[in-house]
Structure formats: C-alpha cells, structure tokens
Number of protein chains: 2
Amino acid sequence: MARQKSEQVRQALLEAAQKLFVEKGYIATTIGSIARAAGTSQSNVYVYFTSKFEIAFAVFDPWLRSKVLDLEARVEAQDTPEARLRALIDGLIHGIAADRSGQTLTLVQALATAKAGDEYSPDLLLWTMSRIHQMIGTALPGSDPTEREALTHSLMLAFDGIALRQNLRRSEIEDSLSVDALYMMVQAIIRRDAGE
Amino acid sequence: MARQKSEQVRQALLEAAQKLFVEKGYIATTIGSIARAAGTSQSNVYVYFTSKFEIAFAVFDPWLRSKVLDLEARVEAQDTPEARLRALIDGLIHGIAADRSGQTLTLVQALATAKAGDEYSPDLLLWTMSRIHQMIGTALPGSDPTEREALTHSLMLAFDGIALRQNLRRSEIEDSLSVDALYMMVQAIIRRDAGE
DNA sequence: TTCTATTAAAGAATGGCATTCGCTTAAATG
DNA sequence: CATTTAAGCGAATGCCATTCTTTAATAGAA
C-alpha cells in the first residue's frame, strides 16, 4: 500500500557512518556528512534511524559481536588453560577495548553525549558478559563458579577502564602497565587455587 | 594601567558552574546559564576561561584533590593493614569514582566531548596516582614495590571503569559485584604474599 | 587631579549542528 | 489506473559555544 524502505539505503548509511565514525569520531561526524557519503539527503536519514545515537549503536553492535566471536575462536584454539587465559585477557583489553580502529571511541562518545530520549537495550552488554563468562570457564575448567563470576566482572571493569582511558585520556598512562597488573592479579588467583 | 579581573566574578562563575554541572551534567549546562547564575554576561565568561572545557577542569580539580585527601585521612585512621586496604578500595570506588554528586560525570562528559584545542595538564592524574601509590604503601607495608605499582595501576583502571560505567552505562550492572570482585583479587594477592 | 591606555563587560553576531516541517513523488495495493 | 502511504528532499528551527564590536571602568602616567 505504500513505498518501502530500501535495505540498500540503510546499508549505505551504516557503512558511511562506520567509515566516518572511525575516521573522525562520533562527535565530529555530522548527520549531513553521513547522508552525503551514503548518497542521500540529510533529512532522509531520519526515515531509517531516529537519532544519531541510534546510528552509533547500529554500527557498534555487529562490530563488537564479531570481535567477541573472533576472540572466542582464538581462546578455544589455545592448548593450555594458561594460554587460554592469556589470550582472553589480551584479546579483550588490547584487541577490543583499546582497538585502534576507534569503534570504542565512537561508543564512549555516543554514551557520553546521550540525551534523555537516547536509550538502548542492554542485550549487547549482557551477551558480551555471558560470552566472557563462558570463556573463563574454558580457560579455568575446574574453577569455583563464584570466582568465575568475580573474574568476569573484573574483566568487564577493566574493559570499561581501558575504553575510557584509551579514548579520552590518551597517552598519559602506559596502558601496558595496567594490563600487566591485571594479568598479575589473575595469575595470583590461579596460583592460589592451584595451591601453589 | 588597566582594569583588573575580579576574583569574585571568577569564583561566582566556578560556583555557578559546579552547581549546574552537578544538577544537569556538563553537556546540558550552557555557558549562558552559568553566566546568568553568576550574575554576569555570557561573553564575559570568556574573559575568565578560554572554553567550557577549561571551566569543567577548574571545577573538577579541587574537588578531586579534596576527595583524595579525605580518603587519605580515612585510610590512615584504620588500625590494621587489612582495614586500610578495604578503606582505600571502598573509598576510591564507591566514594569517588561512583560519587553521587555527579562530578565524575562532568569530567567524563567533558573529556568525551573535548575538541582539538581542549587540552589539560596531566598533573591532577599523576598526583592522584602518586597518592594512591603511597596509600597502598601504608596499607601493605612489607609489600614488593613492583607489586605495589601494579596494584596502583589496577586501582586506577578500576576507577576509570567505574567512572565510565556509573555515568554512562547507568544501572545495567550491579557495581557492588565488581567492587567485591576487585577486592577478592587483591585479597588473593595479599594471601599469596602472606604465604597462606 | 586629569588624561590615556588597557581591558573587563555586555550585547549582538556567527557558524555549526541535530532534528523537524512541508511538500513532492515513487511505488505498492486494490 | 486511482488511491494512499511513506520515502525523499530542501528549507527551516532551535540550540549552543565562541567571537566580534562597542562601551565604559580603572590603573598608572602626567
């Protein structure tokens, strides 16, 4: 009974947005530039998305999911529990939170500037946490469930910390020091569990 | 040879800014509203500060310093090393990073929206780190310096993580779980050191 | 005290941006 | 084909940080 939204236009918008967000960050990217890069008009963007914030999430969501799935594969490919744990922490912190492509910067900026109506479902965060929880399970097979839970939370916390620091505080602190520290703490727990 | 800047006007601007930042957040607070609340004109604000970003830092800096000094006093007031450590972690995470007054939200928003010219000295961050490092020294007197360094970094990382989460991710995750997890990890290190 | 250079102070632009409005027109449906 | 719905578009709208321009207060020289 009426004209339909074009999946092509939507995809073009998402691709243009992703490219520009990575290039210039969320804040410096304008709706007009996204529209121009996608070959449509500024106002037409709002036929496909209700806000700039929503676009940021639509871009970030699949990116993070694929990164987490990649990480999962890499963790499982390791032979020893210790190697798995190393791969998990390294991948999570260096590969995702501190990713060079600037996707997390986009998210942090979008969250920081979110207005009253800008909401998002917690699905992505919860999904990510559950995946990490599971990865810890494969890395530390015999571990106490409570402890596994605690590790998951600590890793998520570190993830957020790195994301904030990498993107907003830039070069003030050597991040590798923080990652080493984190790894040391996890090691301490493992060694304790092993009764060493 | 000329008219002088009034310290009163400057103070009135800072107080108005602090009040408004806490009330509405950094982004929703306009220069105009700060000027109005301080009883001066919008343009006159730029005689005292070069940017909105600079105002945010001028407000946040003394607030954080006084919070850290308070924490220091509270940590030193504890009798046992264990109580000192508890007080440090609790105060840092609950009392400052997740503070209810919204000062850290202001900082996070200011950092997230900072433009090219918006720069700030790392003094405050470095000062805070050195204080935490020292507090860890009093909490764990006999500890290895390298380990103390690592703990400092971990705490700063957790601080950033909580700041980001508290302010941007709102209520999705139970923060107390993260704090408990962190404390558990620190405990693991301590027990290991104690040879338990 | 008077004059003058300096600059605080104020109001009026400026420029940029997300979002909305009103109109036009493509296309799905009967 | 006629009708109707909504995609698409150009032109607002409203908001805001920052700058420009002008006025007037005042510290210091005369």
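All values below were derived from every heavy atom in this structure, side-chain atoms included, with hydrogens, water molecules and symmetry-related copies excluded. First the proteins, then the strands, lettered A, B, ... as listed; each starts at 1.
- In summary, B:Asp70 and B:Lys67 do not engage in a salt bridge, as defined by a charged side-chain N under 4.0 Å from a carboxylate O.
- Within a heavy-atom distance below 4.0 Å of DNA chain C, no residue of residues 15-24 of chain B is found.
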Spell out protein contact along nucleotides 17-26 of chain C as letters: B when the base is contacted, S when just the sugar-phosphate is, - when no protein heavy atom is under 4.0 Å; keep the 5' to 3' order.
SBBBB----B
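- Across the protein-nucleic acid pair, B:Glu54 atom CD and D:dT18 atom P stand 10 Å apart, rounded to whole Å.
- Applying the side chain to side chain donor-acceptor pair (under 3.5 Å) criterion to A:Glu54, with sequence neighbours excluded, gives A:Thr50.
- Using a 4.0 Å cut-off between charged side-chain N and carboxylate O, A:Glu23 and A:Lys19 make a salt bridge.
- B:Gln8 places its CD atom 15 Å from the C1' atom of C:dA9, with the value rounded to the nearest Å.
- In this structure, B:Tyr48 is a member of the same hydrophobic cluster as B:Ile31, with clusters built from ILVMFWY side-chain heavy atoms closer than 4.5 Å.
- Cation-pi geometry between B:Lys52 and B:Tyr26 is satisfied (NZ or CZ under 6.0 Å from the ring centre, within 45° of the ring normal).
- Contact annotation: the side chain of B:Met156 approaches that of A:Arg165 to within less than 4.5 Å [non-hydrogen atoms, C-beta and beyond].
- A salt bridge links B:Asp61 to B:Arg65: one of the charged nitrogens lies within less than 4.0 Å of a carboxylate oxygen.
- Put simply, CD on B:Gln4 is 11 Å from P on C:dA9, counting in whole angstrom units.
- For the pair B:Asn44 CG and D:dA17 P, the interatomic distance rounds to 16 Å; values are reported in whole Å.
- Paired with A:Phe57 under the rule ring pair (Phe, Tyr, Trp, His ring centres under 6.0 Å), one option of A:Trp63, A:Phe49, A:Tyr120 passes, and it is A:Tyr120.
- Atom OH of B:Tyr48 is separated from atom C1' of C:dT7 by 10 Å (rounded to the nearest Å).
- Whole-Å rounding puts the B:Phe49 CZ to D:dT19 P distance at 16 Å.
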